[in-house]
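Letters A, B, ... mirror the listed sequences (proteins, then strands); counts begin at 1.
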Number of protein chains: 2
Amino acid sequence: MTGPIPPLDTTPGALGGPTDLTLTPAGEGPALRADAARNRTRLLEAASCLMAQCGAANLTMEAVASAAGVGKGTVFRRFGDRTGLLIALLDHREQLLQAAFLTGPPPLGPDAPALERLHAFGPTLVRHERDHHELILAARTDPRRNYAVPAARLRHTHVMLLLRQAGVTGDTDLLAHTLLATTDAALVHHLTVGRGMPLERVEAAWHDLVDRVAGTTS
Amino acid sequence: MTGPIPPLDTTPGALGGPTDLTLTPAGEGPALRADAARNRTRLLEAASCLMAQCGAANLTMEAVASAAGVGKGTVFRRFGDRTGLLIALLDHREQLLQAAFLTGPPPLGPDAPALERLHAFGPTLVRHERDHHELILAARTDPRRNYAVPAARLRHTHVMLLLRQAGVTGDTDLLAHTLLATTDAALVHHLTVGRGMPLERVEAAWHDLVDRVAGTTS
DNA sequence: GGCCCAACCGGACCGAAGTCCGTTTAAAGT
DNA sequence: ACTTTAAACGGACTTCGGTCCGGTTGGGCC
């Protein structure tokens with residue numbers, strides 16, 4: 001929290017390419033030393049295992065460290081902080097999602113018309129967020145961080161591109177943010193669990209919103 | 001975190017009425033004992049003062065306690081946890097905002113047509129969130145909590161009502177959530193600070209979104 | 001005015017996040 | 001194979017949020 005931020009690599013690809021994250025899933029980090037790489041996977045496995053047992057909220061750094069057979073300092077060196085570790089775990093699970101909408105089959109993948117892909121993207125996201133809401137919410141100590149994370153930027157770029165391909169004019173950048181906001185894990189959790197709303201209604205709202213946004217051309 | 005939740009009053013009005021929070025700013029708590037009430041205001045003042053000096057992120061419970069001349073246990077008894085204290089501080093600042101759109105002059109207050117009020121509400125919210133973003137973001141440890149807080153519910157109900165009064169049909173409940181999501185402090189901060197976007201553009205996006213949503217009647 | 005109990009108070013105590021620094025080691029160059 | 005150096009390692013240490021429980025006090029009631 002103090003000092004001018006040490007080297008600190010966090011997750012591989014956390015820094016990403018300079019500005020060209022247009023269509024690549026996630027660039028790998030700058031190559032770790034052999035032992036570091038080994039420990040990294042050990043730590044992620046241990047964390048994943050512990051989380052399955054105790055839940056993401058009860059995951060302690062010390063427990064992860066000793067389960068992986070390393071010291072606590074190592075965990076912090078690798079992931080920066082607790083949130084960094086959780087984000088790394090999350091990133092790993094997001095690879096499948098990214099593959100689905102970047103290179104998968106229609107209607108999500110590139111072989112479908114843009115508007116159709118956009119419609120299909122919402123429910124996919126909502127379900128993904130719901131399935132991992134525990135981890136996602138646990139990883140959200142600093143809200144600012146979520147927008148900076150590569151996975152989030154990728155989603156945003158993707159939606160923005162689809163909007164443009166669908167012929168939507170106007171501020172597609174902010175429209176994409178609006179659309180994505182409706183799939184936020186905290187919101188979905190609040191609606192479905194806290195207020196007992198069926199998931200179908202949330203999905204219907206997505207389709208409705210896409211129609212309202214794409215229907216007119218500003 | 002364990003146990004079946006003690007009495008724990010948190011902020012006055014934190015619990016709010018059962019379900020009728022339609023138009024009241026915020027009900028007061030169940031009347032504290034004289035010394036408790038005195039300490040409560042002392043604590044809020046001390047916290048507010050310390051925050052001005054060190055920033056919300058560096059506010060420690062112990063510092064607040066000793067600055068107010070009470071023990072640490074007292075702070076936790078009164079506000080439940082750190083987040084509770086921050087929310088109480090925030091609630092205090094929100095009174096003005098609530099007064100403005102519940103009983104204030106047009107175009108925000110009740111003497112203007114619904115659609116006009118809706119248009120005016122966005123920029124007001126965005127500026128409010130930006131002005132207090134430090135406190136707001138610091139208070140957001142558990143994202144689920146933000147939707148349960150009375151101030152958030154009030155905003156939501158307000159927008160939903162305005163939408164209906166403006167003749168918008170469809171799922172106004174979720175549309176209101178969508179609109180409010182675009183004024184989220186973390187998002188606004190990310191856009192304006194992290195990406196250098198002018199505030200006017202965010203406000204323009206609000207107006208555009210209101211038009212797109214209200215333009216068609218589903 | 002005096003009694004009683006529920007609510008309040010305080011600060012010792014605990015657990016976990018994050019820091020620090022002396023030691024060890026991978027791997028690149030000679 | 002040997003040296004060198006930047007990186008990685010580990011665990012003691014600090015700080016802070018949150019809990020606990022014995023002692024104190026406000027205020028309704030007789």
Heavy-atom check, side chain of B:His92 versus side chain of B:Ser48, under 4.5 Å: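 Sidechains of B:Ser48 and B:His92: no contact.
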A:Leu175 side chain near B:Arg212 side chain, heavy-atom distance below 4.5 Å: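 The answer is yes, as the side chains (C-beta and beyond) meet within the 4.5 Å cut-off.
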Given D:dG17, C:dT19, D:dC9, the nucleotide with the shortest approach to the side chain of B:Phe76: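 Looking only at heavy atoms from C-beta outward on B:Phe76, the closest nucleotide is D:dG17.
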Would you be so kind as to tabulate the donor-acceptor pairs closer than 3.5 Å made by side chains of residues 55-70 of chain B, with sequence neighbours excluded?
residue, atom, partner, partner atom, Å
B:Thr60, OG1, B:Ala63, N, 3.1
B:Ser66, OG, B:Ala63, O, 3.3

Can you tell me how far [atom2] of [N] sits from [atom1] of [X], to the nearest Å?
X	N	atom1	atom2	result
A:Leu85	C:dA17	CG	P	10 Å
A:Arg78	D:dA7	CZ	P	11 Å
B:Asp81	D:dC16	CG	P	17 Å
B:Phe79	C:dC8	CZ	P	12 Å

Trace of the side-chain contact (heavy atoms from CB on, under 4.5 Å) decision for B:Gln98 with B:Leu154: CA-CA 9 Å; B:Gln98 294 181 7; B:Leu154 183 61; 3.5 Å; yes
Salt bridge (Lys or Arg N to Asp or Glu O under 4.0 Å) evaluation trace for A:Arg164 with A:Asp173: CA-CA 10 Å; A:Arg164 288 182 185 163; A:Asp173 190 339; over 6 Å; no
Residue-level proximity of residues 57-66 of chain B to DNA chain C when a heavy atom falls under 4.0 Å: none
Check ion pair B:Arg201-B:Asp208 (N to O, under 4.0 angstrom): no
Residues B:Glu94 and B:Arg155 bridged, charged N to O under 4.0 Å: yes
side-chain contact (heavy atoms from CB on, under 4.5 Å) between A:Asp142 and A:Thr83, intermediate numbers included: CA-CA 9 Å; A:Asp142 180 5; A:Thr83 301; over 6 Å; no
All side chain to side chain contact (heavy atoms under 4.5 Å, CB included) counterparts of A:Asp184, not counting sequence neighbours: A:Arg140, A:Ala186, A:Leu187, B:Tyr147
Close N/O contacts between protein and nucleotides 28-30 of chain C (under 3.5 Å):
none

Distance (rounded to the nearest 0.5 Å) between A:Leu179 CG and B:Thr182 OG1: 11.5 Å
Minimal non-hydrogen separation, A:Leu85 against A:Phe79, with atom names: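 Nearest pair, atom of A:Leu85 first, then A:Phe79: N-CB, 3.6 Å.
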Aromatic plane relationship, A:His158 with A:Phe101 - under 30° parallel, 30 to 60° tilted, over 60° perpendicular: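 Correct class here is tilted.
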Under 3.5 Å, which protein N or O atoms sit close to an N or O of nucleotides 10-13 of chain D? Give each pair with its distance.
residue, atom, partner, partner atom, Å
D:dG10, OP2, A:Gly71, N, 2.8
D:dG10, OP2, A:Thr74, OG1, 2.9

Contacts under 3.5 Å, N or O only, protein and nucleotides 26-30 of chain D:
residue, atom, partner, partner atom, Å
D:dG27, OP1, B:Ala34, N, 2.9

Heavy-atom donor-acceptor pair, A:Arg78 side chain to A:Arg40 backbone, under 3.5 Å: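 Not confirmed, A:Arg78 side chain does not pair with A:Arg40 backbone.
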